[in-house]
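A quick write-up on the structure given underneath.
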Protein chains: 2
Amino acid sequence: MNKAKNTTTESEILNAAKRIFQRKGMVGARMQEIADEAGINKAMLHYYYRSKQLLFEAVFKKAFLLLAPQLNDILNSDDSICDKIKSFTHNYISFVIKHPYLPNFIIQELNRNPEFIKDLMSERHFPTIEKFKKQVAIKVAEGIIRPIKAEQLFINIMALNIFPFIGAPLLKGFINVNDKTYKQLLEERKTEVASFIINAIKIEQ
Amino acid sequence: MNKAKNTTTESEILNAAKRIFQRKGMVGARMQEIADEAGINKAMLHYYYRSKQLLFEAVFKKAFLLLAPQLNDILNSDDSICDKIKSFTHNYISFVIKHPYLPNFIIQELNRNPEFIKDLMSERHFPTIEKFKKQVAIKVAEGIIRPIKAEQLFINIMALNIFPFIGAPLLKGFINVNDKTYKQLLEERKTEVASFIINAIKIEQ
DNA sequence: ACTTTTGTCAACCAAATGGTTAAACTAAAT
DNA sequence: ATTTAGTTTAACCATTTGGTTGACAAAAGT
C-alpha cells in the first residue's frame, strides 16, 4: 500500500478538522462537515482518529503547540525585560494576524473544559514564568522599574496582546470602525503595545 | 388565570436559560436541560419564547444590557480621563467577580455570530466613545498625557479588565497558581490595573 | 352557568448526528 | 497467481434534539 497515500489522508483529515474546529468549536463542529472539507468519507475520520473527542484533542494540542513554545522561548531567554516585551508583542501579533481563529479557539475550549490545561501542563515546552519572575523582582529591587508583581505584569502583557483578537467583534462595535480600519489598528499595536507596557513600568530619572 | 403565576414562569425560564446558556453557550445548551433547571415542562420554553434562537437572544440581550450602560455612563460622564479609568476598572472587576461567566459568554457568542453586534448597536445605551476620544485628544495636545490614539487606549483598558476573566484557565496554568490565589490576584487588580494604565499614559514633570 | 382564553403537560415526531459494519478495492508480499 | 494487510465506501443504526400536538385545567370574561 502506498505509504504516501495514507499519511496524506491522515494529515488531510487533521487539516480539515483544524479549519472546522477553529471556526465552529468542538460542540459546533460536525463530523460530516469535516469529512466534506477534507473531501473524503466520514468513516475515515473514525478509522484514523477513533472518535470526535480524540480528533478534537489532536487538533487542539497541535494548535496549542504552535503558540506555547514561542512564549516559552521568550520567557526563558537571556533578553532584558524590555526586549522580551518588545519581541513577544511583535512576534505574537504578527503570528496571530496570520492565524486569526487561533487564540479564540484555545481560550474558548479551555473555558469549556478547564481541566484540560492540566494535560497540557505536563507536556514539554509548556511555558514557565520562573525566570521572568526573578528578572522582574531584581529590576524592582534595583529601582529600575515600578513595583509590580511579575504575575500581574505577565497577565497585562497577555491581555494587551491576545484580547484585541478575541474581543474583535465587540471592540469593532464600540469604537465603531470597519474591518479594514480595525486591522490597521492591530498593525499599529505591533509596536504600540510594547511602548505602552514599558511606559507603565519604567521609572523616569 | 393567575397573573403572577405566568410572569414567574416566564422569568423563571429566562433565569434558568441564563444559567445554562452562560455555562454551555448557545450550541452546547439543551432545551431539556433548561427546562429541568427551571423545573417545568419543555413545551413551556416554546410557549413563551417560540424557539431556542429567540430564547437565546432574549438571554443575550439581557446579559449585554447588564454591562453596556455601565460602560456608556462612564465614557460619557464629565469625569477626567484618570477618574474614568479608575472607576471603570474598579466597577467592572467588582461586578464581574460576581458574574464570572458573563464576559466569556458575550465574547464567545459574538465570535460565533459577529453580525449580531449590529443588532446591539442600534439599541439605546450602546456605548459610544466620542466624548472619550475628544478628552484624550485634548489632553494629548496639552502635553498632559503621552501621544496615543483614544481607540488604542480604549482597547487597552478593555483588554486589561476583561481578559483576566476570559483567559483565566490559561493564565492559571501559565502562572501556575490555584483558584484561590488567582482570585486574590483579581482582587488586587481592582486598583492595580488603573495605576498601570495611568502610569503608561501620564507624562512625568 | 357558560364560554373563551391562557397555561401546563406527557407523548410524540422528524431531522440530525456520532458512530459502526460489511463488503469492495488496492497494492505489496509470498 | 494468490494471499494478506491496509484503505475506502455506502448503507445502516441508535440516540439525541428542537419542536409540535392534543388533551386538560384554571382563570377570566359574559
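Letters A, B, ... are given to chains in the order of the sequence lines, protein chains preceding strands, and every chain is numbered from 1. Remember, predicted model here, so these are calculated numbers, not experimental data. Computed from heavy atoms alone, side chains included, the values below leave out hydrogens, waters and symmetry copies.
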Give every residue pair that meets the salt bridge (charged side-chain N to carboxylate O under 4.0 Å, His left out) criterion with at least one member in residues 94-113 of chain B, sequence neighbours excluded. B:Glu109-B:Arg112
Starting at atom NE2 of A:His46, determine the distance to atom P of C:dA22, rounded to an integer number of angstrom. 17 Å
Salt bridge (charged side-chain N to carboxylate O under 4.0 Å, His left out) contacts touching residues 155-172 of chain B (sequence neighbours left out): B:Lys172-B:Asp179
Ignoring hydrogens and angles, write down the donor-acceptor pairs under 3.5 Å from the side chains of residues 155-164 of chain A, residues two or more places apart or on other chains.
unit_1, atom_1, unit_2, atom_2, d
A:Asn156, OD1, B:Arg189, NH1, 2.9
A:Asn156, OD1, B:Arg189, NH2, 2.7
A:Asn156, ND2, A:Gln152, O, 3.4
A:Asn161, ND2, A:Ile157, O, 2.9

Residues that A:Arg23 engages under side chain to side chain donor-acceptor pair (under 3.5 Å), provided they are two or more places apart: none
Give a yes/no answer on whether the side chain of B:Tyr48 brings an N or O atom under 4.0 Å of OP1 or OP2 in C:dT8. yes
Return a single string for nucleotides 9-17 of chain D, one symbol per nucleotide in 5' to 3' order, where B is base contact, S is sugar-phosphate-only contact and - is none, cutoff 4.0 angstrom on heavy atoms. BB------S
Output a table of nitrogen or oxygen pairs between the protein and nucleotides 13-15 of chain C separated by less than 3.5 Å.
none

Quick one: B:Glu12 CD to C:dG7 C1', roughly how many Å, whole number? 16 Å
Which residue pairs pass the ring pair (Phe, Tyr, Trp, His ring centres under 6.0 Å) test with at least one member in residues 15-41 of chain B, sequence neighbours excluded? B:Phe21-B:Phe56
Keeping to residues at least two apart or across chains, list the salt bridge (charged side-chain N to carboxylate O under 4.0 Å, His left out) pairs with something in residues 150-168 of chain B. B:Lys133-B:Glu151
Salt bridge (charged side-chain N to carboxylate O under 4.0 Å, His left out) contacts in which one or both residues fall within residues 114-131 of chain A, not counting sequence neighbours: A:Lys61-A:Glu123, A:Asp78-A:Lys131, A:Glu115-A:Lys118
Any side-chain N or O of B:Thr9 below 4.0 angstrom from OP1/OP2 of C:dG7? no
Taking atom C1' of D:dG18 as reference, at what distance in whole Å does atom CZ of B:Phe56 sit? 16 Å
For A:Glu57 and A:Gln53, which I'm curious about, is there any donor-acceptor pair between the side chains at under 3.5 Å? yes
